[in-house]
Amino acid sequence: MKQALVQLLEKSIQTGIGQGVLPPPSPTHIEVELTKDPGHGDYASNVAMILAAQAKKNPREVAKILSERIEDRDGLLDRVEIAGPGFLNFFIRKTGFASLLESVDRQGDRYGSSDQGQGRRVQIEYVSANPTGPLHIGHARGAVVGDVTANILEAVGYRVFREYYINDAGNQMNNLGKSLLLRYRELLGEKVEFPEGCYRGEYIRELAAELLKRDGDRHLQEKPEALVPLFTDYAAGAILEGIREDLRIFGCVFDRYFSERELYRDDGVGKLLRELEEKDFVYREGETLWFRTTAFGDEKDRVVVRQNGDPTYFAADIAYHQNKFQRGFESAIDIWGADHHGYIPRMSAAVQALGYEKEALKVVLVQLVNLLREGKPVAMSTRSGEFVTLREVVDEVGRDAARYNFLMRRSDSHLDFDLEVAKKQSNENPVYYVQYAHARICSILRIATERGYTVPTFDRADLSLLQLPEEIDLVKAITRFPEVLEGAARTLEPHRVTFYLNDLAALFHSYYNKNKVISEDGALTGARLFLSRSVLTVLQNALKILGVSAPEKM
RNA sequence: GCGCCCAUAGCUCAGCUGGAUAGAGCAUCAGACUACGAAUCUGAGGGCCGCAGGUUCGAAUCCUGCUGGGCGCGCCA
């Protein structure tokens with residue numbers, strides 16, 4: 001509907017320009033919006049006021065010129081009014097709305113999708129936690145935001161590739177190996193001291209116990225220099241396996257787990273740095289190599305190879321991002337914790353130095369999560385091993401509630417996650433509100449069937465019977481769904497889908513309480529069943545994108 | 001000190017890349033089941049959109065300054 005109105009306006013502007021009453025060029029972007037106040041019609045546009053500036057005319061006058069030139073061939077409009085400072089208010093014929101449900105019926109589980117992305121290839125990287133311990137609640141938000149953003153992009157026609165970057169080449173890994181070795185020795189009766197930087201979580205002790213059970217004490221016979229790498233590999237492998245399993249249970253499946261070590265194979269990082277040095281993006285200062293990120297607006301240059309010869313994390317990251325684009329992705333999206341925001345300028349600089357557009361890399365920052373229980377903060381610290389794991393959260397509150405809760409805020413806003421509230425199966429927990437609407441419609445359709453009704457086909461349904469304000473509001477809301485997905489994809493804001501779902505569910509609950517879907521009037525029942533099933537379809541499609549189940553009974 | 005993010009109802013937050021009278025949930029108060037599911041609905045109260053300027057037909061939204069909070073500023077990851 002919106003699109004149809006935009007086209008009507010475009011044509012009328014063209015006509016006006018042709019007749020010389022409006023100056024060229026026509027605006028690139030015409031806005032038509034749903035109105036809040038029924039007195040302002042169903043849709044409204046502000047083009048006249050925008051045109052007025054360049055036409056040097058009174059906005060209301062421009063609005064008049066436009067409205068007189070609108071050719072409504074399909075008979076969508078009841079009337080067009082000029083209001084306020086120069087708004088064009090469109091009043092849609094009551095019968096015009098119902099026809100919008102045709103596309104829901106026709107597209108079914110594809111309703112809402114589009115080809116906005118035109119098959120462009122996008123790589124999205126998220127979670128990417130070091131395999132030094134199990135995922136905790138802080139990682140969970142990034143996981144859901146990444147997963148749902150990917151789902152949204154897929155729905156609007158991008159070819160999306162989901163990736164988890166494993167930092168398995170640095171110092172942290174060494175510490176992990178040492179930590180495991182210490183626990184292993186401890187289990188064999190040695191007294192051990194834990195140096196700074198080692199991990200003391202209970203999970204290390206469990207790994208050590210498993211290793212001991214499997215292999216006995218024979219590892220202590222190894223050569224000392226081989227010992228730590230061996231324990232590192234064992235620990236990282238086992239922990240990563242656990243991470244993958246936790247993510248799978250949480251509904252996050254990746255196309256690839258990309259190992260940092262791969263970047264160092266065949267001296268890949270070294271080669272890249274030499275290339276950049278030839279192009280003068282990298283320079284030497286003694287043994288240290290610096291990346292000239294200031295050339296792209298960073299506040300200071302950054303070290304890529306330390307004085308001791310070790311490459312920094314940043315060096316590997318440059319190589320990783322080059323690798324992304326070399327694999328043919330037109331754009332890359334990184335989902336980071338907000339505490340990494342200072343890293344954006346240098347990463348952006350690196351992408352540009354590699355010869356790619358600045359816009360090719362988009363970074364979404366996800367604010368930290370405050371974990372609460374009954375309003376009181378739960379203390380967490382990875383090093384000391386005190387934390388609530390992702391797995392524990394999912395086990396306690398369930399996957400649906402956990403995912404939905406992480407999508408109830410804008411990503412860059414802090415989020416309080418209260419375990420007790422998320423667990424409650426009550427009105428404090430919005431996920432049930434939406435799921436209940438779904439279950440309720442399923443129930444209506446079941447009972448309709450029992451009473452001998454079937455949902456009519458679009459051709460056989462008399463949708464002109466849907467005249468109530470609540471019915472028209474529902475139709476409007478349904479037609480908004482594709483636009484919501486488009487907007488969520490454009491801005492990378494998955495929370496928009498959640499808020500939309502709440503709105504749609506609210507409209508249906510309200511409608512349901514006020515009106516009977518199933519009645520003695522066969523034609524009316526048919527029309528209302530058709531509407532209800534349209535709502536059901538949208539609820540299902542949207543919940544699927546959120547990775548939340550749509551139960552038929554609760 | 002510099003940089004990024006945030007500030008909207010008592011609380012938690014939306015506000016669709018500038019639109020008309022700023023919305024929702026929770027909490028409070030008052031109501032609705034002999035019903036297609038009450039995990040629902042209806043109504044009421046509640047606001048200097050942090051403060052002060054600016055841009056324009058029009059600002060919660062854009063710009064500047066200030067106040068208050070979060071986070072970052074390493075040859076750590």
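Order of the sequence lines sets the chain letters (A, B, ...), proteins ahead of strands, with each chain counted from 1.
- Between A77(B), C75(B), A38(B), one nucleotide has an atom nearer to the side chain of Val303(A) than all others, and that is C75(B).
- Contacts of Arg409(A) classified as side chain to side chain donor-acceptor pair (under 3.5 Å), with partners at least two apart in sequence or in another chain: none.
- Within 4.0 Å of Asn46(A), counting heavy atoms only, lies at least one base atom of the nucleic acid.
- Residue His509(A) is classed as a sugar-phosphate contact, given heavy-atom separations below 4.0 Å to backbone atoms only.
- Ring geometry for Tyr511(A) versus Phe508(A): interplanar angle over 60°, hence perpendicular rather than tilted (30 to 60°).
- In this structure, Arg410(A) reaches the sugar-phosphate backbone alone: every heavy-atom distance under 4.0 Å involves primed, P, OP1 or OP2 atoms, never a base.
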All N/O pairs under 3.5 Å across the protein-nucleotides 69-73 of chain B interface:
residue, atom, partner, partner atom, Å
G70(B), O2', His414(A), NE2, 3.3

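- A centroid separation of less than 6.0 Å is found between the aromatic rings of Phe281(A) and Phe296(A).
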Dot-bracket encoding per residue of RNA chain B, Watson-Crick/G-U cut-off under 3.5 Å, | denoting interstrand | (((((.(..((((.....[...)))).(((((.......))))).....(((((..]....)))))).)))))....

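- Thr288(A) comes within 4.0 angstrom of a base, heavy atoms only.
- Centroid-to-centroid, the aromatic rings of Tyr165(A) and Tyr320(A) come within less than 6.0 Å.
- Among the atoms of the strands shown, base atoms are found under 4.0 Å from some heavy atom of Asn89(A).
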Protein and nucleotides 33-35 of chain B: nitrogen or oxygen contacts under 3.5 angstrom:
none

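- If you check every strand for non-hydrogen atoms under 4.0 Å, Lys514(A) touches nothing.
- When heavy atoms are screened at a 4.0 angstrom cut-off, Pro85(A) is found touching base atoms of the nucleic acid.
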For residues 480-489 of chain A, which side-chain donor-acceptor pairs fall under 3.5 Å, sequence neighbours excluded?
residue, atom, partner, partner atom, Å
Glu483(A), OE1, Lys2(A), NZ, 3.1
Glu486(A), OE2, Arg490(A), NE, 3.1

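- Using a cutoff of 4.0 Å between basic side-chain nitrogens and carboxylate oxygens, Arg261(A) and Asp233(A) are scored as salt-bridged.
- At a threshold of 4.0 angstrom between heavy atoms, the contacts of Asp418(A) with the nucleic acid are absent.
- Contacts of Ile447(A) with the nucleic acid, taken as non-hydrogen atoms under 4.0 Å apart, involve only primed sugar atoms and P, OP1 or OP2.
- Taking a centre distance below 5.5 Å and an interplanar angle below 30 degrees as the stacking criterion, Tyr433(A) does not stack against the six-membered base ring of A39(B).
- A heavy-atom distance below 4.0 Å to RNA chain B is reached by these residues of residues 495-505 of chain A, ordered by number: His495(A), Arg496(A), Phe499(A).
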